Every structure is written in C-alpha cells, then in structure tokens.
Colleague: 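Take a look at this one; I'll ask things after.
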Number of protein chains: 4
Amino acid sequence: MSPKVSQAYKEGKRAAILEGALHCFTEKGFQATTVDDIVRHLGISKGAIYSYFSSKEEMYIEMAEDKMGAMVDSLSEQFKSMPSAKERILYLFGRFRGQSLGELRQWLSFHLEFMLYAARQPRLTERWTQYAGKAIAFVQRIIETGMQTGELRADLDAAQASRLFWSVRDGLALQYLLAGADTEYGQAIDESEKMVFRYILGGDGS
Amino acid sequence: MSPKVSQAYKEGKRAAILEGALHCFTEKGFQATTVDDIVRHLGISKGAIYSYFSSKEEMYIEMAEDKMGAMVDSLSEQFKSMPSAKERILYLFGRFRGQSLGELRQWLSFHLEFMLYAARQPRLTERWTQYAGKAIAFVQRIIETGMQTGELRADLDAAQASRLFWSVRDGLALQYLLAGADTEYGQAIDESEKMVFRYILGGDGS
Amino acid sequence: MSPKVSQAYKEGKRAAILEGALHCFTEKGFQATTVDDIVRHLGISKGAIYSYFSSKEEMYIEMAEDKMGAMVDSLSEQFKSMPSAKERILYLFGRFRGQSLGELRQWLSFHLEFMLYAARQPRLTERWTQYAGKAIAFVQRIIETGMQTGELRADLDAAQASRLFWSVRDGLALQYLLAGADTEYGQAIDESEKMVFRYILGGDGS
Amino acid sequence: MSPKVSQAYKEGKRAAILEGALHCFTEKGFQATTVDDIVRHLGISKGAIYSYFSSKEEMYIEMAEDKMGAMVDSLSEQFKSMPSAKERILYLFGRFRGQSLGELRQWLSFHLEFMLYAARQPRLTERWTQYAGKAIAFVQRIIETGMQTGELRADLDAAQASRLFWSVRDGLALQYLLAGADTEYGQAIDESEKMVFRYILGGDGS
DNA sequence: CATGAATGAGTTTTCATTCAT
DNA sequence: GATGAATGAAAACTCATTCAT
C-alpha cells in the first residue's frame with residue numbers, strides 16, 4: 001500500500017524533468033523540441049515523462065507558471081524590508097543589470113515563445129494576463145507609495161507609469177535578444193534608468 | 001522563344017503568394033501554418049508554391065525581409081519633407097497611435113515569432129540585426145539633427161536614445177499583445193510619448 | 001484548376017482502400033488491425049489512407065454503413081417482383097442457405113465487432129439501431145401483407161414475429177461462428193425455416 | 001516452512017482479481033481495458049496482478065472459462081430435481097426473463113467479445129466449442145427425455161432442436177444488445193417461448 | 001512479498017515535399 | 001507549366017510488462 005518511493009523523490013524527479021525540458025525548450029523552442037529530445041537529454045524513458053505530465057503542453061504551461069510565480073514572489077519577498085519607493089525601483093534596475101545577456105536571452109526567448117503560444121489559446125491568455133497584472137500591480141504599488149511620500153511627482157498615473165516601466169524593461173531586453181554585448185546592454189539599462197527616473201521624479205530627474 | 005509568361009506576371013504571382021502566406025502566418029504562426037493552409041487560402045496548387053519558393057521556410061524568410069525593408073523604406077520616404085526632429089518624432093508616435101491593436105497584434109506576433117526563429121539561426125540573426133540597425137540608425141539620425149539644431153538637449157547619447165525610443169515602443173506593444181483595449185493602448189502611447197520627450201528635451205519636457 | 005485525376009479514379013481508390021481495410025478488419029478485427037497492416041496489405045502509403053479517410057475509425061464506420069445499407073437495399077430490390085409473403089420469406093431463407101459458412105463468418109465477425117464497438121459509443125448506437133430497425137420493418141411489412149392475404153395466421157404480432165425471425169437467423173449464425181461444417185449449417189437453416197413457418201402459419205406449419 | 005499465506009487466501013485473492021477484472025472488461029471491453037483500470041478498480045498493485053496471472057490475456061481466458069463452466073454447472077444443478085422436459089424448458093425461459101437487460105448486455109458483450117477473440121485463436125476456439133457443446137448437449141438431453149416421455153413430438157431431431165433453442169435465445173439477446181426496453185424484451189421472450197413450444201410440441205403448440 | 005516507477009516498442013496521425021500526368 | 005495524389009519520416013502519446021526497492 002505504501003509507495004515504494006517517497007513523495008520527495010517524486011517531487012525531485014518531477015522537478016528534474018521540468019528542468020531538463022526547460023533546457024531543451026530554451027535551446028530549440030517549445031514547438032521544435034520533441035519529446036524524444038527531452039527524453040534523450042534526461043536519459044529517461046518516454047513513459048516516465050508521461051507519468052509525471054499528461055502532455056508536452058502541460059509541462060510547458062507548468063514551467064511558465066512556475067517561472068512567472070517565482071518572479072513575482074521573489075520580488076515581493078525582497079521588498080518587505082525596503083521602504084523607499086526610489087530605493088525599490090533602483091533595486092529593480094540593479095536586478096536587471098545583474099542578469100547576464102546569456103541568461104536574459106534564455107529567459108526572454110522562453111517568455112516570448114510562451115506569450116505567442118498563449119496568444120493563440122484563450123484559456124492561457126487569461127492565465128497569462130493575470131500574471132502580467134501582478135507584475136504591473138507590484139510596481140504600481142511602489143509608485144503609489146512614492147507619490148504619497150512625495151518621493152515621486154504627484155501628477156503621475158501610477159498604473160500607466162508602471163506599465164511604462166515594464167515596457168522599457170521588456171523593450172530593452174527585446175533589443176538585445178539577437179545581438180549585442182553585455183557592456184552595451186549594461187549601459188542601455190543605465191540610460192533607461194535615467195529616462196524612467198526623469199519621468200517619475202518631479203523636475204528634470206537630476 | 002519568348003517566355004510563356006511575362007516577368008511581371010511572375011513577380012505578381014510571387015507577391016500574391018507571399019501575401020497569402022503572410023495572412024496565414026499571422027493568423028496561426030509559422031510552425032502551425034501548413035502549406036495546405038496557404039494553398040487553400042490562395043486557391044492555387046501546392047506545385048505552384050514550390051515553383052516560386054523552394055520551401056516553406058524560404059517564404060517565411062523572404063516575407064520577413066520584405067516587411068522589414070518596407071518599414072524602413074516607408075519611414076525614410078515620409079521624412080524627406082519633414083525638417084524638425086521634434087516633429088519627426090511626434091510623427092512616429094502618431095504613426096504608432098494610428099495602428100489599431102488588432103493590426104499591432106498581427107504585426108507583433110509575426111515579428112516576434114520571426115525573431116525567435118532567427119535567434120536560433122546564425123545566418124538569419126545577422127540579417128535581422130542589420131535591419132534592426134537600420135531602424136536604430138534612422139531615429140538616431142533624427143536625434144542627432146535635433147541635438148545640432150538645439151531642439152533636443154545636447155548631452156544625449158543619440159544611439160542610446162534611439163535604442164530607448166524603440167525599446168519603449170516595442171515594450172509597449174508587448175504589453176498589449178495579449179490583452180487590453182484600443183483606448184487604453186492609445187493613452188499608454190500618449191504617456192510614453194511624454195516620457196520620451198521628457199527624456200530627450202532639456203528641462204522637464206514640458 | 002482541373003484535377004489531374006478523375007472523380008472516378010478517386011472513387012475507385014477510395015473503394016479499394018475500403019476493401020483492403022475490410023480485408024484486414026475481417027482477418028484480425030478492427031482494434032487489432034493497425035493502419036500499418038492496411039498499408040502493407042494495399043501496398044500504398046500511410047498518407048494516402050489519411051487523404052481519403054480522416055481516421056481509422058471513420059473507415060470502419062463508413063464500411064459498416066455501406067454494408068448495412070447495401071443489405072437492406074439489395075433485399076428491397078429483390079422483392080419488388082415477389083408478391084407472396086410465404087414466397088418472400090422462403091426466399092430469405094434461401095439467401096441464408098446460399099451463403100457459405102466462410103462468408104458468413106467473415107460477415108458476422110465484422111458485424112459483431114462493430115455492434116460491440118457501437119454499443120460503447122452512443123453516437124453510433126443510434127445510427128446502428130436505425131439500420132437494424134430497417135431490417136425489422138422490412139420483414140414486418142412482409143408479415144403484415146401475409147396476414148392480410150390470409151397466408152399467415154391472423155393473430156401474429158407482426159413486429160414481434162419479425163424480431164423473432166431475425167433472432168433465429170442471427171442466433172443460428174452465432175452458433176456456427178466458431179465451428180461447424182457447411183452441411184450441418186445448411187440443415188440447421190432448414191430446421192429453423194420449419195420452426196419459423198410453424199410459428200407464422202396457422203395450424204402446425206405443414 | 002509453511003507458506004506465508006494460506007492456499008485459501010491466495011485463491012480468494014485470485015478470485016477477487018478476476019471479479020474486478022471482469023467488471024472492467026464488461027464495462028469497457030477487453031482490448032480497451034488497461035491493466036491500470038483493473039488495478040485502480042481493485043485498489044491493488046500491478047505487481048499483485050502479475051503474481052497471480054502471467055498476462056492480461058490469461059486473466060481474460062480464465063475468466064471466460066470460469067463463466068462458461070459456472071453457467072453449465074449451475075443449470076445441471078438446478079435440474080436434478082426437475083423431471084418434466086416441458087417444465088425444464090419453461091424454467092430456462094423463466095431464467096432468461098429473470099435477467100434484466102442491463103445484466104444481459106453486460107454478459108452478452110463479454111460473451112461476444114470473447115467469441116470474436118477466440119475465433120482468431122485456434123487454441124481457444126476448441127476450448128470454446130467444448131463449452132458450447134455442453135450447453136447444446138444439456139438441452140438436447142432434456143429434449144430427448146421429453147421425446148421419450150411423449151411430452152414432445154417424436155419426430156424432432158433433438159440435437160438440431162437444442163441448437164435452435166439456443167439460437168433463438170442468443171439471437172434475441174443480440175436484438176436487444178444496443179437498444180430496447182426491459183418490457184419489450186420480456187414480451188419478446190414470451191413470444192420466443194411460444195415459437196419454441198409450437199416447434200417442439202406436437203400439434204400447434206397450444 | 002508487494003509495490004508502482006520505469007521502460008520502450010508500438011499506435012495513430014500529420015505534413016513538407018516530390019513528381020507523374 | 002500546373003496540378004494535387006502520393007510519399008514516408010517524424011511526432012505525440014499509450015500501456016503491457018518488468019524489477020529495484
């Protein structure tokens with residue numbers, strides 16, 4: 001009656017499969033990755049995958065949700081002990097800077113392919129917009145706080161500003177998806193930081 | 001021994017095929033579009049397609065190159081008779097505003113899917129970056145002009161600023177790929193315009 | 001624009017595929033027959049089959065419907081010029097006798113497997129009962145005519161009697177599905193004929 | 001070194017497995033039932049099944065043999081204390097009537113599917129015909145007795161008549177496999193009883 | 001002993017590409 | 001030249017059976 005392998009074992013295996021699959025997806029893309037690719041990469045059998053996930057698509061969706069959830073959660077965690085709005089936004093830019101272009105490209109290609117995939121599937125579209133909404137709301141709250149404390153200019157539309165913040169970030173990442181060196185990218189982030197602060201602070205942002 | 005069909009006929013047909021294929025690719029994506037879809041949409045034979053293009057992939061690549069070239073060319077054309085940098089940039093924002101979300105989404109999904117596709121193929125990556133470079137250079141020249149005339153603040157890095165410009169534009173489009181209404185999107189463009197002008201003008205952008 | 005092969009060619013091919021598939025289904029059963037079996041038997045490609053039929057199941061269903069339709073139609077045709085009820089029923093028994101056990105077994109195993117298959121699929125169940133209903137109605141009409149002309153006893157329930165007629169026929173076939181010689185089977189039909197006539201005629205059936 | 005588990009325990013378990021498997025086979029059919037279905041239904045492990053049966057097929061065959069044996073044995077038992085042939089045959093009809101259509105359908109689909117299965121395997125065909133032979137012989141003996149006592153008409157061929165008896169019964173069941181209500185079915189049995197008695201009794205069966 | 005995770009050959013179905021007509 | 005039927009190599013997914021724990 002009792003299972004021969006522990007719950008922990010199963011979760012570990014499940015995680016290992018997801019990781020292996022992610023590796024393949026980032027390398028070749030979701031559509032182009034075959035289940036055989038994943039199987040070969042992991043050195044397990046096809047059946048093993050299907051005993052943990054009901055389809056290739058399910059793996060993909062869970063993976064995307066894990067990623068999105070993790071991102072939002074980790075940010076929320078970080079910010080518990082960071083009161084100033086300015087500081088928080090600076091922290092976010094620091095985080096962007098901390099990511100190498102290599103990592104960024106992997107993350108971004110996964111992210112974009114999934115968006116395109118979700119865009120054709122109403123069921124996923126909604127799921128996705130919820131997550132995107134969380135990220136927007138997250139920065140929006142920071143901005144609102146900053147507006148109340150007077151750190152940020154009072155006539156901002158916090159929601160709009162949050163959207164713009166993410167637009168700049170995502171758009172910049174997009175610029176460097178295909179080409180560019182880490183140093184250039186770092187400078188571009190610096191400059192985008194300036195633009196954003198010029199926009200959210202009163203005066204000329206200096 | 002004149003050719004049975006004129007050169008013009010062939011070019012027309014070729015263009016018609018590309019157009020039909022583009023329609024399908026934007027609707028379902030490159031990978032998900034079958035040659036049969038295209039054939040059905042165009043009402044021609046499979047053989048016809050393969051006598052103009054050697055593979056589905058080739059159609060895709062040519063199409064993407066056409067699109068990219070057309071965008072850059074059309075902008076260049078427009079600007080011959082528009083001297084002021086500020087005016088030109090305003091014109092660009094106007095153009096963004098002029099595009100409905102529906103059109104934007106179609107264009108964007110094609111664009112993104114192709115970027116992802118190109119990202120895995122060195123040969124295409126280079127081609128793509130050339131095009132992207134043209135768009136950057138294009139706005140960069142506008143900014144440089146503006147800096148010289150004093151319209152824009154003198155301490156800008158024109159190349160960086162151009163990149164930021166496109167980042168904002170692309171990032172904003174990305175925000176609205178999956179969800180959002182046309183009016184919201186219009187307001188977001190307005191706001192991004194403000195942010196960009198705040199950044200490129202001296203003072204607070206007002 | 002015009003197809004390169006005639007409509008007749010396509011219908012012929014379609015029929016050939018159905019015939020080949022039927023051969024395999026009768027030999028191994030529907031579930032046990034693989035598409036590869038059919039392909040191998042016909043010497044065509046897998047794709048060819050799927051360009052004529054959308055699935056293995058569809059082939060099966062069409063085949064069954066053809067068979068059922070053909071049976072009912074052929075009987076109806078025969079009987080246009082056969083006025084007497086007794087004569088008609090005798091003719092039916094003659095027809096049963098005319099079929100060799102080999103043929104019967106093929107027909108019956110196909111028939112039974114399809115019934116079982118249909119029994120698990122509500123959509124097919126209805127289709128099937130319609131056909132079965134036709135066969136019942138067919139004999140029922142014969143019986144009703146016979147009752148009116150006085151050939152058959154007046155206190156029969158024509159519908160019930162028709163059902164019994166087919167029960168005897170099907171049940172007998174079932175008896176010989178697995179074993180038995182043609183001669184025995186012929187005698188059994190003779191005897192069943194006697195039983196049925198004893199039942200539908202007045203008196204003792206002699 | 002006595003066995004860890006008693007012989008009785010093993011037999012019980014074995015029987016329980018067969019019963020659970022039967023439940024699944026009647027519900028979905030042999031081919032469509034997976035070992036996982038059985039395991040899930042019984043709440044035991046896959047290994048347990050394979051320690052009692054060497055394959056899914058073996059379970060199926062044993063099950064069928066058990067069923068067939070049980071049917072014949074139970075009838076033989078019942079009839080020890082029932083002298084009259086007429087009474088015995090009436091009893092058989094009563095038994096048929098006693099079975100609901102639901103039960104009948106389950107029994108019949110199992111029975112038919114196994115016949116079809118056996119029809120393709122010479123080894124099973126023989127086994128099956130032995131059992132079928134027992135059922136025939138069983139009714140045949142009743143008829144012979146009846147003929148001797150003068151209950152039934154003297155010019156019957158007892159073997160043939162027995163076959164016809166079963167034909168009527170099986171054929172009728174077949175009629176109601178896919179559709180029909182219990183009441184109709186009951187009436188059909190009544191009527192088939194009349195037909196059979198008309199046939200085996202002297203005169204007009206009244 | 002019992003368990004159930006793992007295996008991998010086998011299944012149906014798809015679709016870019018070819019080539020006889 | 002144009003056509004579209006035919007090809008067949010993949011692809012995703014299933015499931016009877018095994019065997020390490």
Side-chain angles (χ1 to χ4, degrees), chain A residues 1-6 9-10 13-14 17 31-39 42-59, chain B residues 3-5 9-10 13 31-40 43-59, chain C residues 1-6 9-10 13-14 31-39 42-59, chain D residues 3-5 10 13 31-40 43-59:
Chain A
M1 295 290 166
S2 60
K4 287 290 154 166
V5 297
S6 65
Y9 170 87
K10 279 169 84 171
K13 182 108 194 191
R14 187 191 161 85
I17 291 176
Q31 313 221 46
T33 298
T34 70
V35 175
D36 273 304
D37 287 332
I38 300 171
V39 153
L42 283 165
I44 61 170
S45 73
K46 231 182 280 197
I49 285 191
Y50 282 91
S51 85
Y52 286 91
F53 301 92
S54 68
S55 69
K56 186 179 129 179
E57 192 194 39
E58 198 206 306
M59 290 173 59
Chain B
K4 290 277 168 61
V5 296
Y9 169 83
K10 277 169 93 171
K13 182 125 192 187
Q31 314 226 39
T33 298
T34 69
V35 175
D36 273 298
D37 288 332
I38 300 170
V39 154
R40 215 174 301 124
I44 60 169
S45 76
K46 273 227 215 19
I49 286 190
Y50 279 89
S51 79
Y52 286 92
F53 301 92
S54 69
S55 71
K56 187 178 127 179
E57 194 194 35
E58 198 203 305
M59 291 173 62
Chain C
M1 295 291 166
S2 59
K4 287 290 152 163
V5 297
S6 65
Y9 170 86
K10 279 168 85 170
K13 183 110 194 190
R14 187 191 161 85
Q31 314 221 46
T33 298
T34 69
V35 175
D36 273 305
D37 287 332
I38 300 171
V39 154
L42 284 165
I44 61 171
S45 75
K46 237 182 275 202
I49 285 191
Y50 281 91
S51 83
Y52 286 91
F53 301 92
S54 68
S55 69
K56 187 180 128 180
E57 193 194 38
E58 197 206 306
M59 289 173 59
Chain D
K4 291 278 168 62
V5 296
K10 278 169 91 171
K13 182 126 191 187
Q31 315 225 39
T33 298
T34 68
V35 175
D36 273 299
D37 288 331
I38 300 170
V39 154
R40 214 174 303 125
I44 61 170
S45 76
K46 272 224 207 33
I49 286 190
Y50 280 88
S51 80
Y52 287 92
F53 301 93
S54 68
S55 70
K56 188 179 128 178
E57 193 193 36
E58 198 204 306
M59 290 173 63

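Labels below follow one simple rule: chain letters A, B, ... track the order of the sequence lines, proteins then strands, and each chain is numbered from 1. The shown structure was predicted, so the numbers you read here are calculated from the model rather than taken from an experiment.
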Colleague: Specify the separation, in whole Å, of atom OH of D/Tyr52 and atom P of F/dT17.
Modeller: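 The answer, rounded to whole Å, is 19 Å.
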Colleague: Below the 4.0 Å mark, does F/dG1 have OP1 or OP2 next to a side-chain nitrogen or oxygen of B/Tyr9?
Modeller: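 No, B/Tyr9 has no side-chain N/O under 4.0 Å of OP1/OP2 on F/dG1.
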Colleague: Decide side chain to side chain contact (heavy atoms under 4.5 Å, CB included) for C/Lys56 and C/Thr34; before the verdict, give the C-alpha distance in whole Å, the side-chain angles of both, and the deciding distance to 0.1 Å.
Modeller: CA-CA 9 Å; C/Lys56 187 180 128 180; C/Thr34 69; 5.8 Å; no
Colleague: Between E/dA16 atom C1' and B/Asp37 atom CG, what is the distance in whole Å?
Modeller: 12 Å
Colleague: In this structure, how many angstroms lie between the C1' atom of E/dA6 and the NZ atom of A/Lys10, rounded?
Modeller: 13 Å
Colleague: Roughly how many Å is it from CD1 in A/Ile38 to P in F/dA10, rounded to a whole number?
Modeller: 18 Å
Colleague: With sugar-phosphate meaning primed atoms plus P, OP1 and OP2, does B/Phe53 contact a base, only sugar-phosphate, or nothing at under 4.0 Å between heavy atoms?
Modeller: nothing
Colleague: What is the distance from atom CD of C/Glu57 to atom CD of C/Gln31, rounded to the nearest 0.5 Å?
Modeller: 10.0 Å
Colleague: Base contacts versus sugar-phosphate-only contacts with protein, heavy atoms under 4.0 Å: please encode nucleotides 10-15 of chain E as B, S and - from 5' to 3'.
Modeller: BSBBBB
Colleague: Measuring from D/Glu58:CD to D/Tyr50:OH, what's the distance to the nearest 0.5 Å?
Modeller: 10.5 Å
Colleague: Scan every strand shown for a Watson-Crick or G-U wobble partner of F/dA20, both distances under 3.5 Å, and answer none if you come up empty.
Modeller: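 E/dT3 - that is the nucleotide pairing with F/dA20, both distances being under 3.5 Å.
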Colleague: What is the distance, rounded to the nearest whole Å, between atom CE of D/Met59 and atom P of F/dA16?
Modeller: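 Between P of F/dA16 and CE of D/Met59: 11 Å.
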Colleague: If you look at every heavy atom in D/Tyr52 and D/Lys10, which pair is closest and at what distance?
Modeller: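 Taking every non-hydrogen atom into account, CE2-O, 3.6 Å.
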Colleague: Between P on F/dT3 and CD1 on B/Ile44, what's the gap in Å once rounded to a whole number?
Modeller: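 Interatomic distance, CD1 of B/Ile44 to P of F/dT3: 8 Å.
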Colleague: If I compare all heavy atoms of C/Ile49 with all of C/Ile44, which pair ends up nearest, and what's the gap?
Modeller: CG1-CD1, 3.8 Å
Colleague: Give, for atom OG of C/Ser51 and atom CZ of C/Arg14, the distance between the pair rounded to the nearest 0.5 Å.
Modeller: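 Going from OG on C/Ser51 over to CZ on C/Arg14, the span is 10.5 Å.
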Colleague: If you assign each of D/Lys13 and A/Ile49 to its closest nucleotide in DNA chain E, which residue comes earlier from the 5' end?
Modeller: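 Upstream on the strand: D/Lys13.
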